[in-house]
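These notes are about the structure you will find just below.
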Amino acid sequence: MKSLHSILPHHTTQNKTDLTIGFIGNPNCGKTTLFNAFTGANLKVANWPGVTVEKVEGAIHSHNRNIRLVDLPGTYSLTSYTMEETVARNFILSGEVDVIINVVDASALERSLYLTLQLLELGKPVVMALNMMDIVLKRGMEIDLHRLPEMLGIPVIPVSARKRMGLDILLHAAIHHQGAKTPDPIIHEHKETFEHKHDHHQEFAMVYSDFIEDKIDQIIPRLQEKYPNLINYRYYAIKTLEGDHEISSKYPIDTQDIFPDGKNFEARIINEKYDFIDDVITEVLVNKERQDKLTEKIDKVFTHPFFGIPAFLAIMAVVFILTFNFGDFIKGFFEIAIDLISTKASDYLSSLNASPMFISLIVEGIIGGVGVVITFLPNLFVLFLALAFLEDTGYMARVAYVMEGIMKKLGLSGRAFIPMILGFGCSVPAIMATRALEHRHDKLKVMLVTPFMSCNARLTIYVLFSEMFFHENAMIVAYSLYLIGIVVALIVCFILKFLDRKGSLTNYLLIELPAYKLPDLHTVSIYVWDKLKDYLSKAGTTIFVMTLAVWALLHFGSNGFTLSMSDSFGAVVGQALSPLFAPLGLGFWQIVLALIAGIVAKEVVVSSMAILFSVVNANSDVGMQIFAEQLQSIGFNSLNAYCLMVFCLLYIPCVATLATVKKESGSFAYVALSASFQLVTAYVITFIIYNTAGTLFL
Amino acid sequence: MLLSQMEKRQHCLICKLNLEESLAHRLEALGMTEHSKLEVVNRKGKGTLIIKLRGSQYALGEDITKNIEVEKI
């Protein structure tokens, strides 16, 4: 960061905030990259009060001021159709924000101006950050930076978030615009003369046709009379004319004569805004038809009607190969460390004459159990990195297009595949991503099948068991599990579509395909670090507590502490339930117990099995050998291992996922229903595999 | 004719959006206003398109494109 400003730590709340700046812009405009460039990783993420919309805040100190930065949701407009838009515009209208920085992708200037015009109508000081100027130059497009501010009446600052250029100038402009009551001088050229009563052209960048301005003039006095405490009546008048749901219900007025056909003028107002945008673009943008050659070339393959899907499958295969190979390489070092720690701890505690129970608790319970979970961090790091990379380059949007054909046959839009892709990282953010789906029954459908997309926690189970029992074929086996998950999900969707005839027209695909760009390493690393922190704190709390609970269950029986687990309470429970699992090749009490523990978190399946078979550092070569031998000695072979992995793939997801499903669906009944469904599916599929593959391959 | 019938590399002007209000306004907010110009960049199936509109590209599903009336140019 430049020396002009420093980043305030979170906890200096004693420092008064001098200025609050809100960042707003279209999706894919680089707003988050720009925001992060100012705040660093020092972010506070929460939810806007009362809604499931994320609020990101940071604080910096610059030009002798304490500045609070708020990142608003990426949006194309400010209607009241979605929660994100309503939250953004109400925040801007509240007294809380002093200046708005409208982040605009300079290479998508035309469409971006629509949001800009809406922002100007809110009446708060706006500064435009014209981002990605380097891309514009490279393409051979030019933007008249002298005329654009004159036509909009706001400062326009060219920046490149990625190259960290223009940032101080932008901040400086925002600070100086605090408290601006009127726009900067507006200089248009007009094609017609307006004979309107009021010449608004010096007051407002966006002036409508006489027809609309007349109606605005009719509405304003009515609003003033009924609601004398509003600021910026013009805004409320325009919203009323658009038939905006929120404004019309909050501030209703008599509109019978305003809407002669009973229809609002939203379409007309949008059209007139774009007429003005056409004028601005003609005036300001040179060579606007220049396209991104690289994007065109790449998309020839990735959006090819025939090659699109194979390309996607190939990319996913590369991701998994990297996850296994590179991840394993780093993992080797972690294993050595864990080994060292557990040996040292065991020796030290013995030298202190600590009780066997205590030694077992520390070495097997704590170090053994949790240690295994942590050794998977390298694999997860690579997986998260790959997913972030794909998202940031813009490829994920192409996935929605490529999958649209198949998704439609399943009664979902291509867009629904994105939550499912996220499910490969973790079901929790994947289920949160179903918010992007408009209709409730689509959301519910996707939430039901997303857990079948094998998450990173289940990966820990596959990595262990496929390497233990399938050696050189480990990768293929693991990949096959991912495929089974996808296939089961698709079949379930298909069946649901068949059962739910009325749903189809409400699923539609509408997604922007941004130009491909190199991922911004700063943004990607913040995202990956965030996800790893999440995973670690999960390991630190839930899994830790559960590992200890399972350890206790396995080391205490009717006779108190026991080193022999077959005497424990856990064994009793496992033995009682194991006959139920015998038809699946999983009729072993240790396995059953681990599966029950796995409802808390899937990683616990691995850590509790490590405890059950007294294997420390199960992920190392030596550990795996011991583990495999232990399992084989009770009759648990490769087929059983495969069935275990299939069952883990499909059955009840972890509590974190269940809690998220409850939050997004708002219904406990739905959580119970989906969990039961997943359990039954797991049972049926594993049953089939155990009984058919058994005869086919053995 | 309908947008879903347009072929790759063809251009057209938007005539009418026969869609429910909120979806129509969503598209209009992106610039799909009456008489706006649009190019079909790619297509698959019976009308899933990638279009170029006002300098940006979008993927549109068949359920949308078969309800948009256009004039080929």
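Letters A, B, ... are given to chains in the order of the sequence lines, protein chains preceding strands, and every chain is numbered from 1.
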Between A:L115, A:T79, A:D278, which shows the greatest number of heavy-atom pairs under 4.5 Å with chain B? A:D278
Can you establish whether the number of heavy atoms outside A:H245 located under 6.0 Å from its atom NE2 is more than 12? no
When the ring planes of A:Y76 and B:Y58 are compared, do they come out parallel, tilted or perpendicular, using 30° and 60° as the limits? perpendicular
So, taking the atom named CD in B:E34 and the one named CZ in A:R268, what distance separates them when rounded to the nearest 0.5 Å? 11.0 Å
State which residues pass side chain to side chain donor-acceptor pair (under 3.5 Å) with B:Q57; sequence neighbours excluded, sorted by chain then number. none
Taking A:G405, A:A267, A:A108 one by one, which has the highest count of heavy-atom pairs under 4.5 Å against chain B? A:A267
Spacing of A:L510 atom CG and B:L27 atom CG [to the nearest 0.5 Å]: 5.5 Å
CD of A:E266 to CD of B:E21, rounded to nearest 0.5 Å, is 6.0 Å
By a 4.5 Å heavy-atom criterion (distance strictly below it), what part of B:L23 contacts chain A: side chain, backbone, both, or neither? side chain
Chain B contact via A:N264 - which portion, at a heavy-atom distance below 4.5 Å: side chain
Looking at every heavy atom in both B:T33 and A:N271, which two are closest together, and how far apart are they? CB-OD1, 3.0 Å
What residues of residues 43-51 of chain B sit under 4.5 Å from chain A when you count only heavy atoms? B:R43, B:K44, B:T48, B:L49, B:I50
Any heavy-atom pair between the side chains of B:S56 and A:L513 that's under 4.5 Å? no
Taking atom CD of A:E110 and atom OG of B:S36, what is their separation to the nearest 0.5 Å? 9.5 Å
Checking heavy atoms, do the side chain of A:T303, its backbone, both or neither come under 4.5 Å from chain B? both
Answer yes or no: is there a side-chain heavy-atom contact under 4.5 Å between B:L30 and A:Y114? no
Contact between A:Y81 and B:H25 at the side-chain level, heavy atoms closer than 4.5 Å - yes or no? yes
Point-to-point distance, once rounded to the nearest 0.5 Å, from CG of B:L60 to CD1 of A:I511: 11.0 Å
Smallest separation among heavy atoms of B:A29 and A:Y274, with atom names: O-OH, 2.7 Å
Name each donor-acceptor pair under 3.5 Å that joins a side chain in residues 136-143 of chain A to protein atoms two or more places apart or in another chain, with its distance.
none

Sorted by chain and number, sequence neighbours left out, side chain to side chain donor-acceptor pair (under 3.5 Å) with A:S107 holds for A:D105
